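Step one of this worksheet: look at the structure below.
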Amino acid sequence: QVQLVESGGGLVQAGGSLRLSCVASGIIFRRYTMGWYRQAPGNQRELVARITSSFTTIYADSVKGRFTISRDNARKLVFLQMNDLEPEDTAVYYCNSRLFDGDLGDWGQGTQVTVSS
């Protein structure tokens, strides 16, 4: 059974930083692309960042230069370092694992990030 558990969300002032973590179980972690997605009220779920098994990264334009995704295969962890946070970053952030594009993937329960102005 796949399980993804996020942590690290919270309330932060604009300009501040948070680091989200996601620990995975039930998968051969090093083979998977890991991603962070977010969904704000009234908005669709959107990709924030992802990192492949070969450590290639991609970011949404809205977070480039501010967020960094990384992974620790030995500990089966993926991180999202979020700096220079803006109120527009307020959302529930979800961890995702996917083996290939056609894979249905698995999701964590989400962690709330709230950025006050």
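Bear in mind that the values here come from a model prediction, so they are computed numbers and not experimental data.
- More than 12 heavy atoms of other shown residues, nucleotides or ligands fall within 6.0 angstrom of atom CG in N43.
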- Message: Between L20 and T111, does the side chain to side chain contact (heavy atoms under 4.5 Å, CB included) criterion hold? Intermediate values first, please.
- Response: CA-CA 8 Å; L20 306 183; T111 185; 4.0 Å; yes
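- Grouping Ile, Leu, Val, Met, Phe, Trp and Tyr residues whose side-chain heavy atoms lie under 4.5 Å apart, directly or via other members, leaves I28 alone, with no other cluster members.
- Across every non-hydrogen atom of K76 and G26, the tightest pair is NZ-N, 4.2 Å.
- Stacking of R75 on the aromatic ring of F29 is not recorded, the 6.0 Å distance cut-off and the 45° axial limit not both being met.
- Counting heavy atoms from C-beta outward, S53 and Y32 have side chains that stay 4.5 Å or more apart.
- In this structure, OG1 on T68 lies 10.0 Å from CZ on R19, to the nearest 0.5 angstrom.
- Shown here for L85 and R66, the closest heavy-atom pair between the two residues is CA-NH1, 3.9 Å.
- Residue pairs that meet the ring pair (Phe, Tyr, Trp, His ring centres under 6.0 Å) test with at least one member in residues 65-117, sequence neighbours left out, are Y37-W107.
- Side chain to side chain, Q112 and T114 meet the donor-acceptor criterion of an N or O pair below 3.5 Å.
- With T90 contributing its side chain and V115 its backbone, the two residues share a donor-acceptor pair below 3.5 Å.
- Taking every heavy atom of both residues into account, R38 and D89 meet most closely at NH1-OD1, 3.0 Å.
- Closest approach of L47 and A49 over heavy atoms only: CD1-O, 3.5 Å.
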- Query: Taking it one step at a time, do D84 and E86 satisfy side chain to side chain contact (heavy atoms under 4.5 Å, CB included)?
  - Reply: CA-CA 7 Å; D84 301 315; E86 304 167 354; 6.0 Å; no
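- Remark: side-chain polar atoms of R71 are not paired, donor with acceptor, to backbone N or O of V78 under 3.5 angstrom.
- Rounded to the nearest 0.5 angstrom, N83 CG and L18 CG are separated by 9.5 Å.
- A continuous path of Ile, Leu, Val, Met, Phe, Trp and Tyr side chains, each step under 4.5 Å between heavy atoms, connects V12 with L80, placing both in one hydrophobic cluster.
- Distance alone, capped at 3.5 Å, is enough to place a donor-acceptor pair between the N96 side chain and the D106 backbone.
- Shortest non-hydrogen contact noted between A24 and L4 is CB-CD2, 3.5 Å.
- Grouping the Ile, Leu, Val, Met, Phe, Trp and Tyr side chains by contacts below 4.5 angstrom, directly or via other members, places F55 apart from I58.
- Remark: S25 OG to Q3 CD distance equals 4.5 Å, nearest 0.5 Å.
- Cluster annotation: L99 and L77 are assigned to distinct hydrophobic clusters (Ile/Leu/Val/Met/Phe/Trp/Tyr, side-chain heavy-atom contacts under 4.5 Å, transitive).
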- Task: Show the numbers, then the answer: is there a side chain to side chain contact (heavy atoms under 4.5 Å, CB included) between M82 and S17?
- Result: CA-CA 5 Å; M82 305 185 294; S17 298; over 6 Å; no
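- Side-chain atoms of S62 and E88, non-hydrogen and from C-beta on, never get closer than 4.5 Å to each other.
- Of the N and O atoms on the side chains of E6 and Q109, at least one donor lies less than 3.5 Å from an acceptor on the other residue.
- The minimum heavy-atom distance linking S97 with V2 is given by the pair OG-CG1, 4.3 Å.
- D61 is not listed as a side-chain neighbour of Y59, based on a closest heavy-atom distance of 4.5 Å or more.
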